[in-house]
There are 2 protein chains.
Amino acid sequence: MGKTNIRIKDIAEKAGVSTGTVDRVLHKRGRVSPVAEKKVLEVIEALNYQPNFIARALGANKNYTLAVLMPDPALDPYWSAPQKGLEAAAADYNSHGITIEKFIYNQNEVQSFADTSERIFSKKFDGVIVAPLFFQQYLPFAKKCGEENLPLVLFNTNIKEVPKLSFIGQDSYQSGRLGAHLLSTGLRLDPGEILLLHLADDLENSAHLMRKEEGFKDYFEQQEGRQRILAVNIKSPINENLVNHLDALLDNYQDIKAFFVTTSKAYEVAAYLEGVGLQDKLLVGFDLIEENISYLNKGVIDFIINQNAYRQGYQSIESFVDFLVLKKEVNDLLYLPLDVITKENVKYYLPQA
Amino acid sequence: MGKTNIRIKDIAEKAGVSTGTVDRVLHKRGRVSPVAEKKVLEVIEALNYQPNFIARALGANKNYTLAVLMPDPALDPYWSAPQKGLEAAAADYNSHGITIEKFIYNQNEVQSFADTSERIFSKKFDGVIVAPLFFQQYLPFAKKCGEENLPLVLFNTNIKEVPKLSFIGQDSYQSGRLGAHLLSTGLRLDPGEILLLHLADDLENSAHLMRKEEGFKDYFEQQEGRQRILAVNIKSPINENLVNHLDALLDNYQDIKAFFVTTSKAYEVAAYLEGVGLQDKLLVGFDLIEENISYLNKGVIDFIINQNAYRQGYQSIESFVDFLVLKKEVNDLLYLPLDVITKENVKYYLPQA
DNA sequence: AAATTTTGCGTGTGCGCCCACACATTCAAA
DNA sequence: TTTGAATGTGTGGGCGCACACGCAAAATTT
């Protein structure tokens, strides 16, 4: 680089020591006299030294293997987005020596998480990326990682009780408010009932869904409040149960104007509405999965809130690159944007294959 | 890296040539016999060689200076966003040897573009990043760049008539449709007039604004069409002219329900509406500038469509990094997402200082 | 006081790639 | 034929950094 860029060598010269000493100071490896250390730090400060990350990455010349612990995309298509993000990032950071190994668990079985997570310790990894859907089972796993000095990056679901390197995800409460805003705009002159649907088997274990509900309700309470919110949870088998429930609900409450689905299964509701000719009702859901996109394009789903699942996966790897390879500081909490998706802008959000 | 990663040296060995020859083949520098070239290419194919971009960037060890030709952020705050993006990217890619030099023109004076652009040729640059607001003046400039072999990256405004490396921006037509969708959702049961406002001095020269109008109108024509669109252009001094125009319009058309501002000056309309107590009218505008954000948070502006101006700047630099340093292929057309911003998700879109 | 260990510091090598240079060979021009 | 240019190929140095190694001096231990 030009004369503007200062290198370790330059610092060494100015400080009257060797590059090795500067290196030791930079990496806090010890074996440096207080006098030399002070001098080096002063010069670093004075010259405003910025390490060359390119050279650092090349010089490090290490391989890092990361374990990825996440639910099975085959059982819930939502998870294919973060998986793609993880794989894309792994490919992009191949030059940095990053490799991933996936450990897939069954999100419908608590025990599967425990079993699969245990398998991670059979090999030596440099870090673990995990979507910890099960709070109770995650705790001992995280504890063990701590003991083995395995840094943890969480995505999708935040668990604050145990130390971690970083969490990457979205603010569930705020996403509830956002959904409320969208529906509120659509209903502004039109009071009535809004149906909030959790389509999840383990609502008890899903704190983030409850956070969405809170945000959603809070928003309307702070408005004039002409809308009434009905919150309902429907478990699997969804397609059967949904029809029964919705038939009954629409029968009881004539004034249901809109639907808010807190999970990625808005397409199930869309299918129902289309079936009974109610596709004009407002419907807002989450996540850019194929089924939802299809109903979005048909106009049955009005808005999709995108939680950037792909980005979550990609960013998880990047956090580790920053930490392991570049030794940058990493933020322990990163909220990704909550994108509002419509038929008109959806194409810009799909990861280009 | 591990034994999995193959290097130029490995290719050279397998192909029975030296690394220099492989290098020549990789960079198409010529001076390679057809026989050797064929053999090398075969080995590259067979081993699925992936260049190590880290090493490539380091080894290149070149400095690249890019000229940036853009309007003055002091005259229109919109331009501070791409400027920040450009500066941030320049800082991030400092290690790659990238430096930028800015050439700021006055977007209100055609001649200023011509004069400023001319100054770029006084020095040797490796590339030019330009927001070409003036079609007529851009053409000769681009021609001259072509003659001097200066690669061009455009952002914000696309001009297809002359060759370029890449365009980074948004799809104006589609952003018009998106705005229409947002208003349409808010007005679904409520026919009436919608006021489409161009707040721009040189509408004639601003093809992208007309594209927005087209998209907006097309959307409503394809709907049932109970809304009527009134398109109006208001020139500076905006604050004066706006009041007069809007007073008159609201007087003539009692049924105006919503406003769509195609430029970044929705805040002017917001100020007016707030002043006359009509803050409940729907208002959709463009761009995350401070003034707009303020009215968004107050609830006067309902949606802002974000054209990712910051990202446009950042990405412009990245295109050049890919092209100059990493010798990757670069896409000649990159549409950035059209983000829908509300009070609830705005904070995730602001570039963290 | 001798034998160790610890501390402090410098040197050297390698990461994978780029590119300048040197050399050999071939081919065309004088 | 002689000269020169064009073509084909290999070698070596360097980018900035990380890290292993080696050696001296100081601090401990025996």
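Proteins get letters first, then strands, A, B, ... in listed order; numbering begins at 1 in each. These values consider heavy atoms only, across backbone and side chains, with no hydrogens, waters or symmetry-generated copies. Please read all numbers here as calculations on a predicted model, not as lab measurements.
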Partner residues of K102(A) under the salt bridge (charged side-chain N to carboxylate O under 4.0 Å, His left out) criterion, sequence neighbours left out
E87(A)
Set of salt bridge (charged side-chain N to carboxylate O under 4.0 Å, His left out) partners for R56(B), sequence neighbours left out
none
Determine the contact category for F53(A): base if any of its heavy atoms lies under 4.0 Å from a base atom, sugar-phosphate if only primed atoms, P, OP1 or OP2 are that close, otherwise nothing.
nothing
What is the distance from [atom1] of [X] to [atom2] of [N], rounded to the nearest Å?
X	N	atom1	atom2	result
I6(B)	dC17(C)	CD1	C1'	14 Å
L58(B)	dC17(C)	CG	C1'	8 Å
R56(A)	dC15(C)	CZ	C1'	15 Å
R29(A)	dG8(C)	CZ	P	16 Å
K39(B)	dT9(D)	NZ	C1'	17 Å
H27(B)	dA20(C)	NE2	C1'	14 Å
L324(B)	dC19(C)	CG	P	12 Å
D23(A)	dC9(C)	CG	P	14 Å

OP1 or OP2 of [N] under 4.0 Å from side-chain N/O of [X]:
X	N	answer
R24(A)	dG8(C)	no
R31(A)	dT6(C)	no
Y49(B)	dG16(C)	no
S33(A)	dC9(C)	yes
K62(A)	dC15(C)	no

Salt bridge (Lys or Arg N to Asp or Glu O under 4.0 Å): which pairs involve residues 114-124 of chain B, sequence neighbours left out?
E101(B)-K123(B), E118(B)-K144(B)
Residue A55(A), side-chain atoms from C-beta onward, closest of dA18(D), dC9(C), dG16(D):
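Closest nucleotide among those given: dG16(D).
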What nucleotide, of dT9(D), dC17(C), dC19(D), holds the atom closest to the side chain of N52(B)?
dC17(C)
L133(B) side, atom CG; M70(B) side, atom CE - distance, nearest 0.5 Å:
9.5 Å
Name the residue closer to the 5' end of DNA chain D, choosing between A60(B) and G30(B) according to the nucleotide with the nearest heavy atom.
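Whichever sits nearer the 5' end wins; that is G30(B).
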Residue met sooner reading DNA chain D from 5', once G59(B) and A36(B) are mapped to nucleotides
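Looking at the nearest nucleotide for each, A36(B) comes out on the 5' side.
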The complete set of side-chain hydrogen bond (donor to acceptor under 3.5 Å, both in side chains) pairs with one or both residues in residues 153-162 of chain A, sequence neighbours excluded, reads Y78(A)-N156(A), N158(A)-K164(A)
Run through F320(B), Y314(B), Y64(B) and flag the one making a side-chain contact (heavy atoms from CB on, under 4.5 Å) with Y93(B).
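Running side-chain contact (heavy atoms from CB on, under 4.5 Å) over F320(B), Y314(B), Y64(B) with Y93(B) returns exactly one hit, Y314(B).
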Hey, which of L69(B), I159(B), L152(B) is the one that makes side-chain contact (heavy atoms from CB on, under 4.5 Å) with P132(B)?
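That would be I159(B); it is the only one of L69(B), I159(B), L152(B) passing the side-chain contact (heavy atoms from CB on, under 4.5 Å) with P132(B).
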Positions of residues 7-22 of chain A (non-hydrogen atom under 4.0 Å from DNA chain C), listed by number
V17(A), S18(A), T19(A), G20(A), T21(A)
Under the rule for side chain to side chain donor-acceptor pair (under 3.5 Å), what residues qualify as partners of Y49(A), not counting sequence neighbours?
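With sequence neighbours excluded, Y49(A) shows a side chain to side chain donor-acceptor pair (under 3.5 Å) to no residue whatsoever.
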